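Here is the structure we will look at.
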Amino acid sequence: MEFLSWTVENHVAKVTINRPPANALSRGLIMEVNELMNAVEHDDSVRVIVLHGEGRFFSAGADIKEFTQIKTGEEFSALAASGQEIFERLERFSKPIIASIHGAALGGGLELAMSCHMRIVSENAKLGLPELQLGLIPGFAGTQRLPRLVGMPKAAEMLLTSEPISGLEAVKWGLANRAFAEEELLAKTMELATKIAKKSPVAMKAAIEMLQFAKTYAYNEGVKAEAQSFGTVFISEDAQEGISAFIEKREPLFKGK
Ligand SMILES: C/C=C/C(=O)SCCNC(=O)CCNC(=O)[C@H](O)C(C)(C)COP(=O)(O)OP(=O)(O)OC[C@H]1O[C@@H](n2cnc3c(N)ncnc32)[C@H](O)[C@@H]1OP(=O)(O)O
């Protein structure tokens, strides 16, 4: 694999995302998340997975530069649907997955983290869904997972303002489990993962399966609608303006078209 690597210790696979400069989620990287699951699913030496990012960030989201290669709304809807499918597999995975988040988990980066079973964050990390800043909406189930974690009013605030919250706020809001100083984050996450890895793999698999029943029919319908809407919004002039503005490092000027 090109962007993911891992080591196993005490039944914990420590998986590193390494795609400089921002660990942006290209389609290739998302496919590797699927390959990672194929690789560890039947490996008895792995009982818990910790996902963390190399460099300054956990992940700054979908690769905005790659977006410019996609032309039609249907292609964007398909991109969203395939990302949703892989992230859904993560959430239903038979082994616990813990995201260890430093720097930033934004957009698709936060959607990836929200698909993990737990999130451990650095106190100063930035967590947010800033897609509206680009004239877009989230497309990897963020519109459905965020309100389930933080409630509707806070999810609306995060989406509509595009402002990230800190790791400390994320714990208060229910988006993250625990926060630590950045320098001890990974060690503390590994400590927690090692503790969890002592539990019965059979019982952990069953517990994760049972948690999925807390999802409703509306959730499944919601992600389908999200993928559809992701494609429609993407072909708007505002989306082209938002993406160009990010690449050109300027403020977007949205016209409502
Ligand atoms: C379905 C899913 C949809 C989505 O996920 S849409 C994407 C949502 N994510 C975002 O909108 C986040 C965009 N990025 C940022 O806001 C900022 O960046 C950061 C806060 C993460 C960091 O800011 P700073 O410390 O000032 O660094 P920097 O110069 O902006 O970024 C460093 C390099 O990383 C590239 N980069 C950052 N995020 C992305 C991205 N999401 N896709 C592609 N490239 C990205 C930049 O362009 C730049 O690169 P260079 O050094 O070559 O200028």
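Not measured: the values here are computed from a predicted model. Both ligands and their constituent atoms are indexed starting at 1 by order of listing.
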query = Taking 4.0 angstrom as the limit, do R250 and E241 come out as a salt bridge?
reply = yes

inquiry  = For a quick check under 3.5 Å, do E75 and T72 share a side-chain donor-acceptor pair by atom type?
reply    = yes

ask   = Taking atom types as modelled, is there a side-chain donor on E226 or Q84 under 3.5 Å from an acceptor on the other?
value = yes

key: Electrostatic pair D63:R27 at N-O distance under 4.0 angstrom   = no

key: Results of side chain to side chain donor-acceptor pair (under 3.5 Å) for K215 - residues two or more places apart only   = E88, E91, Q212

Residue pair T16 / E54, side-chain donor-acceptor N/O under 3.5 Å = no

inquiry  = Strictly under 4.0 angstrom, heavy-atom based: which residues surround ligand 1?
reply    = P21, A22, A24, R56, F57, A60, G61, A62, D63, I64, K65, F67, L106, G107, G108, E111, P130, E131, L134, G139, F140, F230, F246, K249

